[in-house]
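Supplied in structure tokens, the structure appears directly below.
This is a predicted model, so every value here is computed, not measured. Note on naming: letters A, B, ... go to the chains in the order of the sequence lines (proteins, then strands), and numbering restarts at 1 for each one.
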Amino acid sequence: MAKVIMTADDSASVRQMVTFTLKQGGYDVVEAVDGKDALQKLSSTKVDMLITDLNMPNLDGIGLIKGARALPSCKFIPIVMLTTESQDSKKQEGKAAGATGWIVKPFKPEQLMAVVKKVLG
Amino acid sequence: MIDQHRQAFKEEAYELLAELETSLLELEEQPDDVDVIGRVFRAMHTIKGSGSMFGFDDIAAFTHEVETIFDMVRNGKLQVTGRLVNLTLAARDQIRAMLDGADDGGGGDLKVSGEIIMGLRELAGFQPAAAEPPEAAAAGRKPANLATYRIRFAPSRDIFITGTNPLTLLQELKELGTCSVVAQTGDFPCLEEIDPEACYVYWDLIVTTDQGENAIRDVFIFVEDDCELRIEQVAEHTQFEEPQDYKKLGMILLERGDITTKEMEEILAQQHRFGELAVSNGILDQGKVQSALVEQRHVKEVRQEKQATEAASSIRVPAERLDLLVNLVGEMVTVQARLSQTAAQREDAELVAIAEEVERLTAELRDSALNIRMLPIGSTFSKFKRLVRDLSVELGKQIEMTTEGGETELDKTVIEKLNDPLVHLIRNSIDHGIELPEARVAAGKPAHGTVHLAAVHSGDSVVITIDDDGAGLDKEAIRAKAIERGIIPATAELSDKELFSLVFAPGFSTAKKISSVSGRGVGMDVVKRAIELLRGSIDISSVQGKGTRIAVKIPLTLAIIESLRVQIGEDSFMLPLALVDECVELTREDVERSHGRNLAHVRAQLIPYIPLREHFRIQGTPPEIQQIVITQVNGTRVGFVVDQVIGEHQTVIKSLGRAYRDVDGISGATILGDGSVALILDVPQLLQAVEAGQA
Amino acid sequence: MDEFKLECRQDPESRGKQILKISGGVTIGDAGGFRQALLAALEAASELQLDLSEMTGIDLTGLQLLCAAHQSAVRGGKWLHITDGGNLTFREMAAGAGFCRHTGCARDTSYSCIWVGGEQ
């Protein structure tokens, strides 16, 4: 059974690229348009990994990470955040909230796959 | 594919820009609305982030500037003013223009971008460094040497709640190279006390990789801030690494900080096996000793493996195995010839195509198999240097030997068989060629003579020349000696070339006395025969007083030769192509006209020919028109009369076996495509035999 | 990965010997329950056999618990041992995590370390 990865991003183009890359890599993908949407879907869908943008309306990435970690089903799953190079402090904040790792934007599909492999095995 | 993503981004960006416009106008009305400020920032942020993802770098760089300003607004460091809104609106229009022009390379006016950025920076009252381009991803990591690293990786207790599985990191590490893993379990609490969701284990890892330390650090990039991670290089496996013993156990433990110098000395003082003692004395946990032992073993194994691979880059193989390979390739060539012939006969296009493919592959296989046996002749040359030195001392001559083309490659067997003839030729040059120092000075030459040995490729042969700047051949002395020995009649008129070639006649020796160097009954005729056995030829030229040049021409290999296939009656014969000059017709009238003298007119030149049909006593009548294959041996053109010339042929040489070894005029045999046998003619010997028969 | 399942039974042939069969994949989510089951089984027996023949995966927390359980057994003067029925998945996972070793740790006073021997 394929592993399920959620991508939470308010940018449709980034979601599209992430989804496309992950599906190519043999994963199933659940898309969420912002933190709130993501958290809602997480409570009803079991996912093996979460990839989230940090800047999103309604509920931002940090909030989503904290919310996800509070869910029993997401307590130990890898959570990777998408950051831009200027957000080193955000990186720390994200880690403190329970993020497993990060991917710096812009990234290439190969880099995304490398990180997925690193945290998901 | 990427175009699809780019299109998606553009659509999204247009939407965002429309939203941005609305938000900015709203912001003008309510400059303090945090929600609106957040929306503007996010729109900019998304355009920047996604833009750079899909290759809109100029848009990303430009938007980055605007985003930076709004980050300040968001953090309360900058007030929203009418001018800021104006500039941002201008920036929005500029991004739109850049998007519109993105596909045809236009991409907006750089000047406008510059002005907007300047205005924004001015407003912010700071002078940020020029927008940095996004970091070049993994800028050309330098290739590192193969090295072994010792890693201690102790994750934090709560590593699991950040979603990290240390085992996947170990897995990633293993992909970098050879990896030994020892888990340290000594700190585990018992079941009653353990927190099942905490991490107690830590690892000692030994990795041998050529990716460098940074690649190892990259594995741990997400966890390095909150775990204990020590990476040390413990060995570098360079080309020049000494295969010495690896560090002692105590040393490893000391380096790791698992043991102090004092403790180590105490243990050493007890003269026992270090590891056992360290554990029994309670200084060390067994796991730590174990991992040090693993490190020792790991490095040892890596070194062994490396040596094995290095050995593999040049391997020593017994010569017989190569001979076997070449023989098999020979068989293969034969079978291939049969296949081609059969395919042609069947007129089956598919089979012909396959046969052609096999032919091409076989040719490649043959060349590379023969190539394996090729050795540079240089090592033989250097042996001669010593010979020249010793001989010149013995003879009281001053001789220098120079060499050229030592890198020229020849079949190993050929090189071996060339050794004796070359020694003989060099001895001759030194003994008979180079004069004593006094004589040289008297002749106006430098006191020390030179013997120059050179090898050069010439088609499918190698020409080895031995030049000396000695006295040269004495034509009159040769002539006199030849007459005296009855080799030529006293009245014979000979060209220089013919005269010189007399030195190769059996029993000829021009030296006044037999020295220990040359002579001793073994004459140049033996040398000549040896060269001919290698299917080579020898040529001598000389200018009296100036020196002599001997040129030995040797085919590259002994196993397979290009030859000309001819037919007499039902039988096929092979003539080495290297010796063949041309083919001409011989009609019955021609034969009658020459009155049994076996001479043919070829372009106003009289060429003697040998009718092979008669020579080999083959039954039957020759055809109306026979063919003369004209060969050139030692400067003489001689024809061989055959029924028919079939064509060029890749000839795999098979020796004739003991019973036929001494058959004159035949040097070997080969198997033809149809499985029948063809004999390979020993042209020089045939000539000799015929000449001897006539004399 | 198959679902994690625990099954504890009394060995019919030997009094005081419990057999705890662990099947499916052991993950961190199951760690708490796994620990409880191990504690209970050790409590009830003088000899505990862990049957891992149908285990389809084990993460680090599971490996740690096996080690800790062994330690508790040694301390309580009990015998804990593993049968894996040649389960390659388990062996590979234990070896991959670097748990396999030549000799037991310092606290393995009964020389019954579960990681000693077997495949290296």
Side-chain angles (χ1 to χ4, degrees), chain A residues 9-21 24 34 48-50 53-57 60 65 68-69 74-87 91-92 94-112 114-121, chain B residues 1-2 4-13 15-16 35 38-39 41-57 60 64 67-68 71 74 132-135 137-138 158-165 167-172 175 197 218-223 225-226:
Chain A
D9 206 307
D10 58 331
S11 161
S13 60
V14 173
R15 278 202 313 273
Q16 186 188 328
M17 185 266 206
V18 170
T19 303
F20 180 81
T21 307
Q24 292 276 80
D34 58 35
D48 297 286
M49 179 181 173
L50 169 63
D53 189 22
L54 284 184
N55 274 289
M56 292 183 291
D60 71 0
I65 295 170
R69 285 289 182 232
C74 298
K75 197 172 170 191
F76 302 110
I77 65 165
I79 300 179
V80 170
M81 48 191 170
L82 303 181
T83 73
T84 54
E85 73 274 24
S86 58
Q87 292 175 303
K91 222 188 264 180
Q92 294 311 320
K95 282 219 72 176
T100 312
W102 56 87
I103 304 175
V104 178
K105 284 199 269 192
F107 56 86
K108 297 197 186 73
E110 306 87 272
Q111 289 167 304
L112 173 66
V115 171
V116 170
K117 191 158 174 280
K118 182 196 273 297
V119 297
L120 211 48
Chain B
M1 180 55 246
I2 194 78
Q4 189 192 327
H5 291 319
R6 280 174 71 98
Q7 198 48 45
F9 165 74
K10 280 178 77 171
E11 279 164 22
E12 178 184 327
E15 266 171 45
L16 283 167
D35 273 358
R39 279 214 303 273
F41 175 80
R42 271 201 309 277
M44 291 294 181
H45 185 80
T46 303
I47 292 173
K48 180 188 98 170
S50 310
S52 60
M53 295 266 305
F54 303 112
F56 298 91
D57 290 337
H64 174 74
E67 184 205 356
T68 310
D71 198 26
R74 201 169 57 144
E132 286 171 35
E135 274 173 57
D158 57 1
I159 189 168
F160 297 131
I161 63 160
T162 59
T164 303
N165 182 355
L167 294 184
T168 68
L169 300 182
L170 297 189
Q171 192 53 46
E172 198 180 336
E175 283 164 17
E197 292 175 3
D218 280 355
V219 171
F220 298 102
I221 185 164
F222 294 157
V223 296
D225 289 342
D226 29 44

Which one wins on heavy-atom pair count under 4.5 Å against chain B: A/Ser13, A/Gly101, A/Ser11?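 Max contact count across the listed options: A/Ser13.
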
Considering only heavy atoms, which portion of A/Met56 lies under 4.5 Å from any heavy atom of chain B: side chain, backbone, both, or neither? backbone

Given heavy-atom pairs under 4.5 angstrom as the criterion, report whether the side chain, backbone, both or neither of A/Ala99 touches chain B.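 Only the backbone of A/Ala99 comes within 4.5 Å of chain B.
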
Per-residue tally against chain B (heavy atom, under 4.5 Å) across A/Pro78, A/Gly98, A/Pro57 peaks at A/Pro57

Relative to chain A, which segment of B/Gln171 carries a heavy atom at a distance below 4.5 Å: side chain, backbone, both, or neither? neither

Strictly distance-based, threshold 3.5 Å: is any side-chain N or O of A/Lys95 a donor or acceptor partner for the main-chain N or O of B/Phe222? yes

Taking every non-hydrogen atom, the tightest pair across A/Trp102 and B/Ile221: CH2-O, 3.6 Å

Looking only at heavy atoms, what is the nearest atom pair of B/Ser50 and A/Val14, with distance? OG-CG2, 3.2 Å

Verify, without hydrogens or angle tests, whether A/Lys118 (side chain) and B/Asp218 (backbone) share a donor-acceptor contact under 3.5 angstrom.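 Looks like yes, one N/O pair under 3.5 Å.
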
Separation of B/Thr162 OG1 from A/Arg69 CZ (nearest 0.5 Å):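 These two atoms lie 6.5 Å from each other.
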
Minimum heavy-atom distance A/Asp10-B/Arg42, with the two atoms named: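 For A/Asp10 and B/Arg42, the tightest heavy-atom pair comes out as OD2-CD, 4.3 Å.
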
Please state whether the side chain, the backbone, both or neither of B/Asp35 comes within less than 4.5 Å of a heavy atom of chain A. neither

Could you report the tightest heavy-atom contact between B/Ala8 and A/Gln16, atom names first, then the distance? CB-OE1, 2.9 Å

Heavy-atom side-chain contact between B/Phe9 and A/Met17 under 4.5 Å: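 With C-beta onward as the side chain, the pair stays apart.
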
Please name the pair of heavy atoms, one in A/Asn55 and one in B/Phe41, separated by the smallest distance, quoted to 0.1 Å.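 In terms of heavy atoms, the two residues are closest at OD1-CE2, 3.6 Å.
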
Can you find a pair of side-chain heavy atoms, one from A/Arg15 and one from B/Glu12, that are under 4.5 Å apart?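 Of all side-chain heavy-atom pairs linking B/Glu12 with A/Arg15, none is under 4.5 Å.
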
Which atoms of B/Leu16 come close to chain A, meaning under 4.5 Å heavy atom to heavy atom: side chain ones, backbone ones, both, or neither? neither

Pick from B/Thr46, B/Thr164, B/Ile161: which one has the most heavy-atom pairs with chain A under 4.5 Å? B/Ile161

Smallest separation among heavy atoms of B/Phe160 and A/Phe76, with atom names: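 It is O-CD2, 3.3 Å.
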
Quick one: what part of A/Leu120 sits under 4.5 Å from any heavy atom of chain B, side chain, backbone, both or neither? backbone

